[in-house]
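First the structure, in the form of structure tokens, and then the observations on it.
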There are 4 protein chains.
Amino acid sequence: MPKIVNHEKYKIEILSKCVDILARRGYSAVSMREIATELDVSTGTLYHYFATKEDIFKELVKFVLSKDIEELQLYSKGNPGQTLELRVESLFQMIQARESYFQNLLYIICDVSRLKNHEEEKTLITDAMKEYVNIITKHLGVTNPNLNRILISVILGTVVQRIVDGDSISLSDTSEIIKDFMSLILSNSFTF
Amino acid sequence: MPKIVNHEKYKIEILSKCVDILARRGYSAVSMREIATELDVSTGTLYHYFATKEDIFKELVKFVLSKDIEELQLYSKGNPGQTLELRVESLFQMIQARESYFQNLLYIICDVSRLKNHEEEKTLITDAMKEYVNIITKHLGVTNPNLNRILISVILGTVVQRIVDGDSISLSDTSEIIKDFMSLILSNSFTF
Amino acid sequence: MPKIVNHEKYKIEILSKCVDILARRGYSAVSMREIATELDVSTGTLYHYFATKEDIFKELVKFVLSKDIEELQLYSKGNPGQTLELRVESLFQMIQARESYFQNLLYIICDVSRLKNHEEEKTLITDAMKEYVNIITKHLGVTNPNLNRILISVILGTVVQRIVDGDSISLSDTSEIIKDFMSLILSNSFTF
Amino acid sequence: MPKIVNHEKYKIEILSKCVDILARRGYSAVSMREIATELDVSTGTLYHYFATKEDIFKELVKFVLSKDIEELQLYSKGNPGQTLELRVESLFQMIQARESYFQNLLYIICDVSRLKNHEEEKTLITDAMKEYVNIITKHLGVTNPNLNRILISVILGTVVQRIVDGDSISLSDTSEIIKDFMSLILSNSFTF
DNA sequence: CATGAATGAGGGTTCATTCAT
DNA sequence: AATGAATGAACCCTCATTCAT
């Protein structure tokens with residue numbers, strides 16, 4: 001372990017290593033010792049970089065959301081697709097590739113909404129949700145915000161169901177139905 | 001009347017009073033003392049009826065799910081509706097009336113899936129999810145299981161979004177879009 | 001250990017058992033575990049009766065001072081003495097009998113004055129010091145408050161010196177000199 | 001010049017900067033980090049000059065006492081005064097000017113006597129106390145050691161009282177009474 | 001020489017649980 | 001049946017101390 005460290009960089013490294021354990025075990029269920037053991041450092045080191053356990057969680061929320069938004073924005077710029085069908089497919093492929101991230105996100109959302117003193121993090125999540133709507137709007141070219149919200153619902157709900165039962169319904173099955181749905185809309189000049 | 005009846009009855013009473021605090025604060029975040037205080041009893045009393053904290057949670061999961069399924073079955077029998085549109089509307093009205101329950105359910109699902117030694121409860125939730133599919137099948141007369149799964153996703157995902165931001169998208173907004181979607185399907189003799 | 005306890009009475013019992021260890025080892029140097037071991041209870045029990053370590057100390061200060069004042073007042077009522085000489089002797093005898101208490105008091109004064117958030121306890125000590133002046137005034141019939149303050153100084157200072165070196169100067173040696181001093185004052189009709 | 005000189009010099013500099021924080025916060029209550037922060041150095045630097053925290057305290061006790069004795073001896077040589085009255089006045093003026101030092105000394109005495117493994121420091125304090133008696137003997141020309149001990153008691157006790165309540169009794173008030181007392185002794189050819 | 005990152009034992013405190021009453 | 005006093009392991013966090021740089 002180096003004694004000369006880029007403090008901020010190492011904080012980020014710790015955070016990125018924390019995401020899984022904190023999301024999957026839960027903020028209240030996981031102890032600082034467990035986190036330290038998982039990261040292969042001492043509790044003292046954890047406290048050298050973060051003032052409190054809550055602090056770790058707060059910075060982790062910021063880190064996870066901002067990193068996610070960033071990646072999604074890169075994705076939505078780079079990969080438009082030519083037909084609505086292709087764009088839906090590309091969207092769901094991307095989501096499928098990030099399914100494990102979305103599970104973490106769901107767990108984190110539950111923790112943030114249940115814990116006290118996390119108003120700021122709630123706001124960050126609310127903002128992120130709006131940004132997701134924006135990204136879908138740009139990517140699919142579907143401008144009805146409520147429709148986009150429902151697409152997000154479909155994704156989040158599928159994540160929930162797959163947490164419960166991994167084989168219940170896959171994101172690719174969902175993708176197929178959504179594609180049909182979208183085609184239907186187009187072919188009927190439906191206005192959302 | 002044997003005493004066991006009152007004993008069991010009181011257990012149920014305790015469980016029903018526990019649901020909110022356990023769901024909303026989280027299994028790991030809430031203490032036995034908090035639960036006792038909330039219920040206005042001593043911790044000793046809690047341990048007179050349940051062997052461990054884990055036990056309370058396990059029995060609570062069973063209680064909540066069975067009570068829910070029961071109510072949903074009663075609902076689906078009593079209230080068919082004549083057109084698909086009406087049935088969708090009736091379904092969403094029912095869900096809207098039970099939104100706070102669905103939030104609790106979501107929190108409980110997260111806890112069950114994150115905690116150790118809850119295999120039995122996971123199975124119960126998986127079964128409950130299948131039962132939801134059955135109920136929707138009967139109620140809407142839509143037999144494609146994946147489509148029904150997506151309807152459940154829409155509901156669960158909306159619950160998640162409304163946990164994050166109470167005003168983001170209402171279940172009634174969602175209902176409108178789903179109704180249109182369903183009409184579209186019918187008018188096109190779409191086969192799911 | 002009884003399960004039916006007079007809560008307040010047991011608190012007092014704990015406090016009286018704590019005085020020595022807290023005074024002699026020092027608030028910051030002694031740990032809750034040490035206190036618990038000394039009292040032959042668990043840390044949990046300590047926290048059942050007192051919210052925090054600070055709380056123990058605060059209640060201990062109140063307890064020690066009030067008990068002391070009470071005893072001194074009883075003493076000063078019961079034992080006037082006929083000549084000034086006898087009264088001085090009686091005063092110092094009493095103080096000598098309480099020397100170990102005065103050492104504790106000195107340590108506690110140092111802790112209170114050094115720790116943060118003990119304004120209330122500082123006031124209690126200030127008040128106690130005034131009460132000591134009153135008691136000496138009544139007991140000796142010497143009304144000059146500064147002179148009484150000096151008598152208290154002599155006592156406190158002797159306690160300090162005897163903490164440093166148990167044999168340096170005894171309270172009875174001091175008593176002799178003070179008696180001579182007082183006789184001198186009387187024989188000269190000195191006005192303080 | 002060998003480097004050792006600067007090393008020792010810097011140690012003294014550190015010690016003299018430590019006195020206040022260690023005396024006023026207390027050995028057990030103050031942390032190495034706090035000391036380092038106060039001195040505007042790193043903890044590593046502290047450990048470069050002193051092996052342990054205890055070491056700092058031990059050397060600090062030596063430093064404070066020897067510096068004090070030195071200054072007092074200088075004072076007693078340089079400033080005899082012509083009458084007993086003037087000499088008492090001069091003594092108390094000196095003490096008044098050093099009141100804050102005497103407070104620190106009192107705190108340090110309490111810490112040394114309460115902490116373990118400070119036998120050597122206890123001896124140093126005992127010796128210092130004897131040296132104080134010597135100095136008073138020389139300065140006042142009063143040879144009764146018990147009387148000198150009482151004078152020291154008056155000073156220490158006044159320091160304690162002024163720690164409790166800064167305005168209770170000043171050293172100059174005390175000085176006045178002591179002067180009268182001494183005059184009384186002289187005019188009566190009292191033999192101490 | 002000086003720094004501050006790293007450590008893990010030990011600090012205050014809370015917890016699930018037991019059991020005398 | 002119901003209480004709440006008692007326990008001690010485990011929690012979050014701080015500490016004195018070490019050592020690579």
Side-chain angles (χ1 to χ4, degrees), chain A residues 1-7 10-11 28-37 39-56, chain B residues 3 6-7 10 27-37 39-56, chain C residues 1-7 10-11 27-37 39-56, chain D residues 3 6-7 10 27-37 40-56:
Chain A
M1 245 146 284
K3 295 277 170 148
I4 288 189
V5 226
N6 180 329
H7 194 88
Y10 194 38
K11 274 184 76 164
S28 301
V30 87
S31 74
M32 288 300 270
R33 264 177 195 70
E34 275 179 279
I35 295 174
T37 304
L39 302 209
D40 227 29
V41 297
S42 65
T43 56
T45 297
L46 247 32
Y47 282 97
H48 186 70
Y49 289 94
F50 300 91
T52 61
K53 184 187 176 187
E54 211 180 319
D55 232 49
I56 294 184
Chain B
K3 277 205 169 179
N6 289 331
H7 188 87
Y10 194 32
Y27 174 81
S28 300
V30 88
S31 74
M32 287 299 271
R33 223 189 294 278
E34 274 178 279
I35 295 174
T37 303
L39 303 208
D40 229 26
V41 297
S42 65
T43 55
T45 298
L46 245 36
Y47 278 93
H48 185 71
Y49 289 95
F50 301 91
T52 62
K53 184 186 174 188
E54 213 180 318
D55 233 51
I56 294 183
Chain C
M1 246 145 284
K3 294 276 171 147
I4 288 189
V5 225
N6 181 328
H7 194 87
Y10 195 37
K11 275 185 75 166
Y27 175 81
S28 301
V30 86
S31 74
M32 288 300 272
R33 271 172 194 72
E34 276 179 277
I35 295 174
T37 303
L39 303 208
D40 226 29
V41 298
S42 65
T43 57
T45 297
L46 247 32
Y47 280 95
H48 186 68
Y49 289 94
F50 300 91
T52 61
K53 184 188 177 188
E54 211 180 320
D55 233 51
I56 294 183
Chain D
K3 277 204 169 183
N6 289 330
H7 188 87
Y10 195 33
Y27 175 81
S28 301
V30 88
S31 73
M32 288 298 271
R33 223 190 294 280
E34 274 177 278
I35 296 174
T37 304
D40 229 25
V41 298
S42 64
T43 55
T45 299
L46 244 35
Y47 279 93
H48 185 70
Y49 289 95
F50 300 92
T52 63
K53 184 188 173 188
E54 213 180 317
D55 233 52
I56 294 183

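Chain letters run A, B, ... following the sequence lines, proteins first, then strands; residues in each count from 1.
- Between the CG atom of Asn6(A) and the P atom of dT3(E) there is a distance of 20 Å, rounded to whole Å.
- Taking all atoms of both residues into account, the shortest heavy-atom contact from Leu46(C) to Met32(C) is CD2-O, 3.6 Å.
- The distance between atom NZ of Lys11(C) and atom C1' of dA5(F), rounded to the nearest whole Å, is 15 Å.
- Per the geometry, CG belonging to Asp40(C) stands 13 Å off P belonging to dA6(F), to the nearest Å.
- Of the residues in residues 28-37 of chain A, Val30(A), Ser31(A), Met32(A), Arg33(A) come within less than 4.0 Å of DNA chain F through at least one heavy atom, sorted by number.
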Please assess Phe50(D) against Ile35(D) for the test side chain to side chain contact (heavy atoms under 4.5 Å, CB included), listing each intermediate value before the final yes or no. CA-CA 13 Å; Phe50(D) 300 92; Ile35(D) 296 174; over 6 Å; no
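- Contacts of Lys53(D) classified as side chain to side chain donor-acceptor pair (under 3.5 Å), with partners at least two apart in sequence or in another chain: none.
- Atoms CG (Asp55(C)) and P (dG12(E)) sit 14 Å apart, rounded to a whole Å.
- Sorted by first then second residue, the side-chain hydrogen bond (donor to acceptor under 3.5 Å, both in side chains) pairs that include residues 40-50 of chain D, not counting sequence neighbours, are Ser42(D)-Thr45(D).
- In this structure, the side-chain contact (heavy atoms from CB on, under 4.5 Å) partners of Ser31(A), at least two apart in sequence or on a different chain, are Arg33(A), Glu34(A).
- Of all the residues in residues 47-54 of chain D, His48(D), Tyr49(D) reach under 4.0 Å from DNA chain E with at least one non-hydrogen atom.
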Here DNA chain F, pairs taken as Watson-Crick or G-U under 3.5 Å and shown with ( ), [ ] when crossing and | when to another strand, reads .||||||||||||||||||||
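- If you take CG of Leu39(B) and C1' of dT3(F), they are 15 Å apart, rounded to a whole angstrom.
- Position along DNA chain F of the nearest nucleotide to Leu46(C) versus Val41(B) favours Val41(B) as the more 5'-ward residue.
- Along DNA chain E, the nucleotide closest to Thr45(A) and the one closest to Gly44(C) are compared, and the more 5′ of them pairs with Thr45(A).
- In this view, Ser28(D) and Ser28(C), Ala29(C), Leu115(D) satisfy the side-chain contact (heavy atoms from CB on, under 4.5 Å) rule, not counting sequence neighbours.
- Of the candidates dA2(F), dG4(E), dT14(E), dA2(F) carries the atom nearest the Ser42(B) side chain, counting heavy atoms from C-beta on.
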